[in-house]
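One structure is given below, encoded as structure tokens.
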Amino acid sequence: MITLWSVILLVNTVGGVIQITDFYPYGSATNDQMLERRDDASTMISISFEYPFFGSVYREVYLSTNGIITFGAANSEFVPKPFPLPTIQSVATYWTDSDPSKGGNIFYKETTNKIILKKISEEIKYRLVSYMKFNAEWALIVTYDQVRPYSCGCNTSCSNYVTYQTILTSDGVNSFAIFNFNQLGYFTGAGSCAGFAQVGFNAGDGKRFFLMPKSNTAGISEIALFQSNVGVPGKWIFSTDANNIIEQCNTKGQLEIFPRKVLYFGACEIRISGVCYEQNKLNVSVLIDDVSVQCFFGQWQNLHCRVPFLKKLGKIDIFLEYNFIKYKSFIISVGRDDNMVIENINNFQSSSNLDGEFTLVWDPRDDDQQIIEFSGFQIDYYINNQGKIVVENITTLQYGQFSNNGRVYLRPALTPSNQKYVKLQLIRSIFLAGYFTSTSIIAAMIIKTATLAATMHCSNWYYDQSPSSKIRSIVEDLNQRKPCLPGIPPNFPIKIENYVIDESCNPNDVKNRVMCETFHPGAKGCYRRTKNEGDPVVQCCYANDYKLLLGKPAGGTLGFGDLEINTMDHFKKDVLPFITCCKIGVNRCDKYYEKRPSINPRPITPIIPRNANGDPHFTTMDGTFYSFNPVGEFVYLTTQNGSDIIQSRISQYIDKTGIKKNACIFSGFVIKGNDSDIIQIELNNKQTFVFIVNGQSLNLDFGLWNFNGISLSYENNATVVVQTNSGIQFEIIALENALHTILVLSDTFKNRISGLIGDWDGNSSNDLKLPNGSFISSNSSNYNIHFNFGMLWSTSNKTSLFTYPNGLSWFDYQDQRFVPDFSTPIDYPQCNGSKACNYDIQVTGNVEFGMSNLVILKRTIDLKQTYQNIVQTCPTNISVLNGNVEVKVNGSLVQYSLICNDGFNVTANKNSTCVSGSYTPIGFCDYSNFSKRLDFVSSHLIGCLIAFLIYNYFIN
């Protein structure tokens with residue numbers, strides 16, 4: 001059988017073997033224990049750590065004298081059986097008929113020694129860069145020292161022996177096996193040429209396994225000794241945890257990248273691994289954002305590449321070509337990173353002395369930051385006689401300074417004395433890279449220029465802008481099409497509707513108050529519009545009470561350079577004019593805000609979050625509650641054209657003793673927005689999240705990750721929020737070894753969705769809509785709902801969006817024979833009348849699992865209340881003929897002021913207010929069409945009344 005693992009490994013086919021001095025210390029001198037010198041013995045060893053292996057964890061291992069380590073049961077077989085095997089969970093380092101009674105020793109020891117674990121961690125994370133955060137907590141070291149064969153013959157002398165080492169290690173989530181081969185003096189322990197040695201792994205399900213090339217042949221010893229998958233002949237490293245056995249280097253087009261996040265204006269370095277390079281053939285081509293970059297090979301055959309200036313934020317493609325094979329991966333471009341603190345920085349101060357200085361500070365007690373490299377990226381500008389910006393130079397800077405007190409002082413380069421014009425100097429980025437940690441990036445801007453030059457630049461910029469009348473026209477249009485929200489939830493979510501949080505004014509970042517106070521003094525946080533499609537970018541800023549701020553100095557402003565498309569364009573068109581008009585030189589801030597005004601708010605419909613939780617219990621968008629407990633993968637949500645899809649994986653519940661119960665849990669979700677990347681989220685054995693994006697597993701840090709058309713906010717070990725540009729917010733919460741969800745949809749999905757979330761049209765009677773368009777009654781029995789509604793939304797092998805571990809497929813996650821418990825549960829006092837809680841305690845026997853339903857319900861209610869609190873009950877943007885309406889929001893009071901165009905007079909009231917839904921029209925600027933006037937009055941009175949009724953309905 002040809003397996004997915006049978007690839008040609010190209011690394012270092014000659015060169016030697018692992019020396020004994022490179023082994024981890026072993027033997028009697030290091031207090032190792034020793035297996036009894038018996039033939040075909042398998043000894044059970046109790047270990048002090050839960051070792052993850054293919055989705056199960058083990059506290060016992062069995063060490064065989066024949067070179068195989070097994071889990072769950074002993075194995076004494078001396079003739080290796082080719083993998084895959086259906087019942088043996090095993091690591092076979094060199095499985096052959098060895099016999100220590102004929103000579104040699106087999107040593108073993110558990111270790112939590114920090115020095116040994118640090119060396120193991122370095123071996124893994126610097127050879128497999130996607131595991132740069134891996135820190136081993138435990139290891140088992142097994143050493144075969146000069147062990148003889150059972151029998152001589154087949155070109156084998158009785159004095160020949162094998163010496164090799166196996167290291168099993170884990171941090172509780174990720175687990176690895178390291179093989180060090182020193183001497184393989186025989187490839188079979190049989191007297192005849194039979195039973196050749198085997199190297200590999202076996203999951204025990206008959207599907208997932210790895211078999212080293214030439215296993216079960218006379219060529220196995222040469223492959224194991226002189227080849228490698230990490231660039232060191234005789235050394236092999238494999239991951240063996242919950243999902244896959246991974247070969248590490250590959251010829252399949254996959255890359256491992258670290259760090260995955262980079263600062264958009266470049267100058268930082270990334271490391272790339274995962275490619276099987278041939279010795280002395282290391283010509284590699286790398287493109288980052290379609291720019292060819294220079295790279296060099298460092299230690300452990302990692303490729304080091306300098307990131308160029310990136311013109312946009314978000315996902316940036318990386319292409320690597322080697323040996324006519326094209327590899328593809330990506331990095332995420334961000335505006336700033338929060339791992340460092342900037343101290344003593346005087347931003348945007350006017351000064352004729354360009355010799356500035358600022359300080360970077362870190363915690364010197366952090367053992368992971370003992371070797372520090374500073375480098376940076378400097379872009380120099382000057383302003384010519386006309387006040388125009390001229391880019392003079394782009395320079396990569398290097399700083400090798402280090403201070404033991406956790407402090408370093410950096411001084412920008414002095415301006416040359418013969419510089420004709422005053423120089424506007426911008427330090428774009430400086431990043432700090434720790435030897436044992438991910439690259440930490442901080443951004444600082446120091447701008448120092450003469451007052452006169454700044455004033456000239458501001459004036460020239462002002463007169464180059466569109467006429468104020470055109471700016472007002474743009475604002476009026478955006479007030480209708482893309483207005484700001486009147487308020488936002490107190491937690492300042494990363495995304496809301498079509499807005500993303502502005503990194504320069506992010507209230508969740510306590511280190512960024514300087515930038516926020518500089519650009520929007522008094523604002524708690526700001527958002528900017530995404531997917532602008534050529535429109536100016538709308539920015540919306542909010543006060544401490546989460547209400548919208550309008551006008552200077554705190555309000556949001558229009559932007560004519562889209563940060564998502566070109567960061568430098570945004571800086572030149574929107575940021576620098578603010579600096580020269582408002583912060584340097586003569587204060588001309590009014591001129592800036594005249595060309596960069598705020599956008600008005602608009603009323604919003606209360607958003608209703610819907611939860612799915614426990615032994616899955618669902619609430620549809622129209623409010624129908626039902627339970628559906630199968631084993632398989634199902635369509636949770638789909639649009640009519642299939643552009644937006646959420647699929648759920650539901651698995652059988654297993655209690656803490658390993659017993660399967662007649663209950664189910666959510667164990668995975670996959671989300672795809674309209675034309676977006678595909679994000680898959682699961683739980684690993686340590687109940688932390690596993691992320692797979694477009695089929696590639698990623699180790700993600702906490703924070704925001706922007707992909708194509710979809711973003712992921714990894715908030716903590718228990719919460720992830722996925723948001724699509726098309727208007728889906730999907731919160732995933734990990735509780736009691738299961739996933740639970742809260743879904744929020746924008747109004748654009750109304751009358752467009754189906755699936756387990758139900759049909760959303762305001763009519764609950766037809767919620768249980770089938771794929772064929774018909775529906776069953778919402779009052780159907782659980783039995784009827786299960787078989788005649790839920791099961792019909794099963795995915796198929798062809799329609800599933802899930803990525804599966806190598807060797808597994810859609811069929812391995814289905815169990816059509818599973819039938820849930822349809823009985824009516826008793827009332828448990830802990831549940832406070834919750835049907836979901838009562839049912840889950842009864843079927844699982846786990847009170848905490850049942851009560852997790854109450855946690856999700858409370859979170860859903862709180863979220864609902866949050867959205868209701870920000871609803872504006874009165875119209876906050878009004879279009880009038882021959883005039884304009886200014887809107888000011890002050891708490892619950894909305895003040896309207898009518899301003900007529902030249903040549904028109906105000907009729908009726910000039911001002912009006914709206915409090916708690918009571919609204920009086922403000923008057924008109926046009927007498928010529930009475931019917932239009934009447935329509936205007938009626939429509940806004942009715943609109944305000946409807947908003948008031950909706951508001952009170954959901955509040956009460």
Tell me if a side-chain donor or acceptor on [X] pairs with a main-chain N or O of [Y] at a distance below 3.5 Å.
{"X": "Ser175", "Y": "Thr240", "result": "yes"}
{"X": "Asn674", "Y": "Asp644", "result": "no"}
{"X": "Lys482", "Y": "Val537", "result": "no"}
{"X": "Lys572", "Y": "Gly561", "result": "no"}
{"X": "Ser273", "Y": "Leu128", "result": "no"}
{"X": "Ser713", "Y": "Val721", "result": "no"}
{"X": "Ser285", "Y": "Glu321", "result": "no"}

Would you mind reporting whether [Y] and [X] have side-chain heavy atoms less than 4.5 Å apart?
{"X": "Phe258", "Y": "Asn302", "result": "no"}
{"X": "Ile332", "Y": "Phe707", "result": "yes"}
{"X": "Phe238", "Y": "Asn229", "result": "yes"}
{"X": "Leu558", "Y": "Leu478", "result": "yes"}
{"X": "Leu485", "Y": "Cys540", "result": "no"}
{"X": "Val307", "Y": "Ile270", "result": "yes"}
{"X": "Asn694", "Y": "Asp677", "result": "yes"}
{"X": "Phe519", "Y": "Val575", "result": "yes"}

Nearest 0.5 Å, what's the [atom1]-[atom2] distance between [X] and [Y]?
{"X": "Ile288", "Y": "Asp317", "atom1": "CD1", "atom2": "CG", "answer": "11.0 Å"}
{"X": "Arg649", "Y": "Glu633", "atom1": "CZ", "atom2": "CD", "answer": "4.5 Å"}
{"X": "Ser643", "Y": "Lys672", "atom1": "OG", "atom2": "NZ", "answer": "6.0 Å"}
{"X": "Trp810", "Y": "Ser796", "atom1": "CH2", "atom2": "OG", "answer": "6.5 Å"}
{"X": "Leu287", "Y": "Ser292", "atom1": "CG", "atom2": "OG", "answer": "5.5 Å"}
{"X": "Ile318", "Y": "Ile257", "atom1": "CD1", "atom2": "CD1", "answer": "4.0 Å"}

Point to revise | Ser130 versus Glu256, side-chain donor and acceptor atoms under 3.5 Å | key: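 Present: a donor and an acceptor within the cut-off.
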
Review point. So Arg481 and Asp535, side chain to side chain contact (heavy atoms under 4.5 Å, CB included) or not? Walk me through it.
Key: CA-CA 11 Å; Arg481 295 191 299 113; Asp535 281 338; 3.0 Å; yes

Is [X] positioned over the aromatic face of [Y], cation under 6.0 angstrom from the ring centre and no more than 45 degrees off axis?
{"X": "Lys125", "Y": "Phe134", "answer": "no"}
{"X": "Arg596", "Y": "Phe578", "answer": "no"}
{"X": "Arg260", "Y": "Phe330", "answer": "yes"}

Identify the two heavy atoms, one from [X] and one from [Y], that lie closest to each other, and give their separation to 0.1 Å.
{"X": "Cys484", "Y": "Ile599", "answer": "SG-O, 3.8 Å"}
{"X": "Pro507", "Y": "Gly525", "answer": "CD-CA, 3.7 Å"}
{"X": "Phe749", "Y": "Ser726", "answer": "CE1-O, 3.1 Å"}
{"X": "Pro536", "Y": "Phe560", "answer": "CG-CE2, 3.7 Å"}
{"X": "Lys531", "Y": "Asn725", "answer": "CD-CB, 3.4 Å"}
{"X": "Leu739", "Y": "Gly668", "answer": "CD1-N, 3.6 Å"}

Check your understanding: Should the SG of Cys505 and the SG of Cys526 be checked, would they turn out to be under 2.5 Å apart?
Key ->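 Judged by the SG atoms alone, which are 2.5 Å or more apart, Cys526 and Cys505 are not bridged.
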
Practice item. Please determine which of Val500, Asn506, Ile488 meets the side chain to side chain contact (heavy atoms under 4.5 Å, CB included) test together with Tyr527. Key: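 Per the side chain to side chain contact (heavy atoms under 4.5 Å, CB included) rule, the option paired with Tyr527 is Ile488, out of Val500, Asn506, Ile488.
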
Practice item. Give me the one residue out of Val286, Val129, Ile272 that meets side chain to side chain contact (heavy atoms under 4.5 Å, CB included) with Leu255. Key: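 Of Val286, Val129, Ile272, side chain to side chain contact (heavy atoms under 4.5 Å, CB included) with Leu255 is met by Ile272 alone.
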
Practice item. Determine the interplanar angle of the Phe802 and Tyr804 rings, folded into 0 to 90°, and report it as parallel if under 30°, tilted if 30 to 60°, perpendicular if over 60°. Key: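 Taking Tyr804 first and then Phe802, their aromatic rings sit tilted (interplane angle of 30° to 60°).
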
Review point. What class does the angle between the rings of Phe669 and Phe666 fall in, given that below 30° is parallel, 30 to 60° is tilted and above 60° is perpendicular?
Key: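 Ring orientation of Phe669 relative to Phe666: tilted.
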
**Study point:** Whether over 12 other heavy atoms sit under 6.0 Å from Lys328 NZ
**Key:**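 Atom NZ in Lys328 is not packed in, count stays at 12 or less.
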
Check your understanding: Should Phe702 and Asn717 be marked as a side chain to side chain contact (heavy atoms under 4.5 Å, CB included) after you check the CA-CA gap, both sets of side-chain angles, and the distance that decides it?
Key -> CA-CA 8 Å; Phe702 293 149; Asn717 282 328; 3.5 Å; yes

Practice item. Could you tell me if the ring centre of Tyr714 sits under 6.0 Å from that of Phe691? Key: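 Centroid distance Tyr714-Phe691: below 6.0 Å, so yes.
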
**Study point:** Ring centre gap for Phe54 and Phe201 strictly below 6.0 Å
**Key:**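 Here the rings of Phe201 and Phe54 have centres that are no less than 6.0 Å from each other.
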
Check your understanding: Can you check side chain to side chain donor-acceptor pair (under 3.5 Å) on Asp241 and Ser239, steps first, answer last?
Key -> CA-CA 6 Å; Asp241 47 55; Ser239 65; 5.0 Å; no

Practice item. Show your working on side chain to side chain contact (heavy atoms under 4.5 Å, CB included) between Asp569 and Asp562 and close with a plain yes or no. Key: CA-CA 7 Å; Asp569 191 50; Asp562 194 337; over 6 Å; no

Exercise for review: Run the numbers on Asp171 and Lys133 for salt bridge (Lys or Arg N to Asp or Glu O under 4.0 Å), then give the verdict.
Suggested key: CA-CA 10 Å; Asp171 62 358; Lys133 294 298 181 71; over 6 Å; no

Exercise for review: Output, in order, the C-alpha distance, side-chain angles, deciding distance and verdict of side chain to side chain contact (heavy atoms under 4.5 Å, CB included) for Leu303 and Phe297.
Suggested key: CA-CA 5 Å; Leu303 193 63; Phe297 281 93; 3.7 Å; yes

